[in-house]
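Heads up: numbering here begins at 1 and tracks the sequence.
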Amino acid sequence: MNGDKPALRSAVPPATDSADTAREQPNHRWPARLKRLPAAAGRTLLTWARGPQGRLALPGLLLLAVVSASGSAGALLVPAAGPRPAPTATAADDPDLDLAPSAPADPGYAPEPTGTTTPAAGSASGRPSDPLAGWAQQVGARVGIPPAALQAYGYAEWVLGQTEPGCQLRWTTLAAIGKVESDHGRFGGASIGPDGTVQPSIVGLPLDGRDDRKLIADTDGGRLDGDQTYDRAVGPMQFIPGTWQQDGVDADGDGVKNPHDMDDAALAAGRYLCKGGRDLAKPQDWWKAILSYNNVQSYAQQVFDTANRYGVASHG
């Protein structure tokens, strides 16, 4: 959108006095008494204005007239609200993002399982997402995402497309979060195996209130993060243990809700983003979802830029 402003157009027609109107309508005749009314009213007003009450009240009336006129002029000078440019989110923006940018670019096509959606007998990884392996290999090469991780993101989109179609989550959003949070399970020398498990486990710093970190006391007895004093974000999608206990899922059907497994973590993240009936195809819902994941504007902007890059690159 360019920066041109629409021309201002006043809806008020040019003013005309009674003489002009009479000239435009020569056959119209005003009764003589009505013609004398303006003159008589003017003489009465002038007499009142010269008196003590008039001298006190007239300045107030003039001020009221000026304020009313300026308000009317302002209404004429302000154009009707039209489409506004979509700014880039910054750390100074309001968290509600009333002026939200667009949602990230849509990927070239959605992941479509080939054949059955359950793992084939004797398959190497035994993941329900295995039918997406060919898609993940092809698209992963375009966008620079490990196929084992992309398989999990694509499977989460496919599952939520069946269970929560109104959310309209795209794998690019999950992939962007995975990139920003853990480099797709590769942070600190970790790697993602063919079964989607990340080893060694990725565990964040203690949430002890220092260095702008939140203060969250231990909620899981150190079961997930190994810390019995404070919580720490865990896994490739960096879930806080308390949040994982509430929103964790077993996406790969192995009987364990494991935040260190990319299949489980990606689907849990998708379900979390879809909470509250959000439609992530709507820009404002998309931004609110990302800020609910991590309420930092610079983080949300980084996720947006990454998701947008993946969406564009996936077109090939």
Side-chain angles (χ1 to χ4, degrees), residues 86-104 145 149 153 169 172-190 192 198-248 258-260 262 264-266 268-276 278 280 283-310:
T88 298
T90 66
D93 285 337
D94 186 86
D96 289 338
L97 283 168
D98 292 331
L99 300 177
S102 300
I145 298 176
Y153 304 140
L169 174 72
T172 49
T173 294
L174 293 173
I177 293 175
K179 173 63 176 178
V180 173
E181 295 287 1
S182 71
D183 191 20
H184 309 301
R186 298 176 295 187
F187 177 79
I192 180 171
V198 174
Q199 294 180 339
S201 298
I202 298 174
V203 179
L205 295 172
L207 298 175
D208 53 10
R210 300 178 182 177
D211 299 327
D212 296 326
R213 295 190 295 271
K214 291 183 178 180
L215 175 60
I216 303 179
D218 174 62
T219 61
D220 70 333
R223 183 177 64 87
L224 294 175
D225 57 11
D227 191 332
Q228 297 184 358
T229 304
Y230 300 104
D231 267 352
R232 298 172 181 242
V234 295
M237 304 300 277
Q238 287 291 278
F239 274 92
I240 296 172
T243 305
W244 182 260
Q245 291 179 39
Q246 179 179 346
D247 298 306
N258 182 8
H260 302 287
M262 185 64 87
D264 294 358
R271 290 181 59 184
Y272 185 88
L273 295 173
C274 290
K275 274 188 173 183
R278 294 189 183 106
L280 301 191
Q284 189 146 337
D285 276 9
W286 188 91
W287 283 88
K288 285 184 176 180
I290 302 304
L291 287 169
S292 75
Y293 205 91
N294 187 345
N295 192 22
V296 177
Q297 290 283 1
S298 57
Y299 171 89
Q301 184 64 54
Q302 190 176 3
V303 171
F304 172 86
D305 292 340
T306 305
N308 196 58
R309 185 173 71 250
Y310 287 155

When rounded to the nearest 0.5 angstrom, what is the spacing between NZ in K214 and CG in D208? 14.0 Å
Between [X] and [Y], what is the shortest heavy-atom contact and its length?
{"X": "A268", "Y": "G248", "value": "CB-CA, 4.2 Å"}
{"X": "P236", "Y": "M262", "value": "CB-CE, 3.6 Å"}
{"X": "S182", "Y": "I202", "value": "CB-CD1, 3.9 Å"}
{"X": "L169", "Y": "C274", "value": "CB-SG, 4.3 Å"}

Can you list the residues that meet the salt bridge (charged side-chain N to carboxylate O under 4.0 Å, His left out) rule with [X], with sequence neighbours excluded?
{"X": "D183", "value": "K179, R186"}
{"X": "D211", "value": "R213"}
{"X": "D285", "value": "none"}

Does W286 have any side chain to side chain donor-acceptor pair (under 3.5 Å) partners at least two apart in sequence or in another chain, and if so, which? T173
Check: [Y] and [X] side chains under 4.5 Å, non-hydrogen atoms:
{"X": "S201", "Y": "V234", "result": "no"}
{"X": "K288", "Y": "L291", "result": "no"}
{"X": "Y293", "Y": "L273", "result": "yes"}

Please identify each residue that fulfils side chain to side chain contact (heavy atoms under 4.5 Å, CB included) with [X], with sequence neighbours left out.
{"X": "N294", "answer": "V296, Y299"}
{"X": "A233", "answer": "Q238"}
{"X": "S292", "answer": "Y272, R278"}

Per the side chain to side chain contact (heavy atoms under 4.5 Å, CB included) rule, which among D225, D227, L207 passes with P241? D225
Per-pair distances, 0.1 Å, donor-acceptor, side chain in residues 215-222, under 3.5 Å, sequence neighbours excluded:
unit_1 : atom_1 : unit_2 : atom_2 : d
D218   : OD1    : D220   : N      : 3.4
D218   : OD1    : G221   : N      : 3.3
D218   : OD1    : G222   : N      : 3.2
D218   : OD2    : G221   : N      : 2.8
T219   : OG1    : D231   : OD1    : 3.2
T219   : OG1    : D231   : OD2    : 2.7
T219   : OG1    : G242   : N      : 3.3
D220   : OD1    : G222   : N      : 3.1
D220   : OD2    : R223   : N      : 3.3
D220   : OD2    : L224   : N      : 2.7

Return yes if some donor-acceptor pair links the side-chain N/O of T306 with the main-chain N/O of A176 below 3.5 Å, else return no. no
All ring pair (Phe, Tyr, Trp, His ring centres under 6.0 Å) counterparts of Y310, not counting sequence neighbours: none
Mind checking what makes ring pair (Phe, Tyr, Trp, His ring centres under 6.0 Å) contact with H184, not counting sequence neighbours? Y153
Please list all pairs meeting ring-ring contact (aromatic ring centres under 6.0 Å, His included) that have one or both residues in residues 210-243, counting only residues at least two apart or in different chains. F239-W244
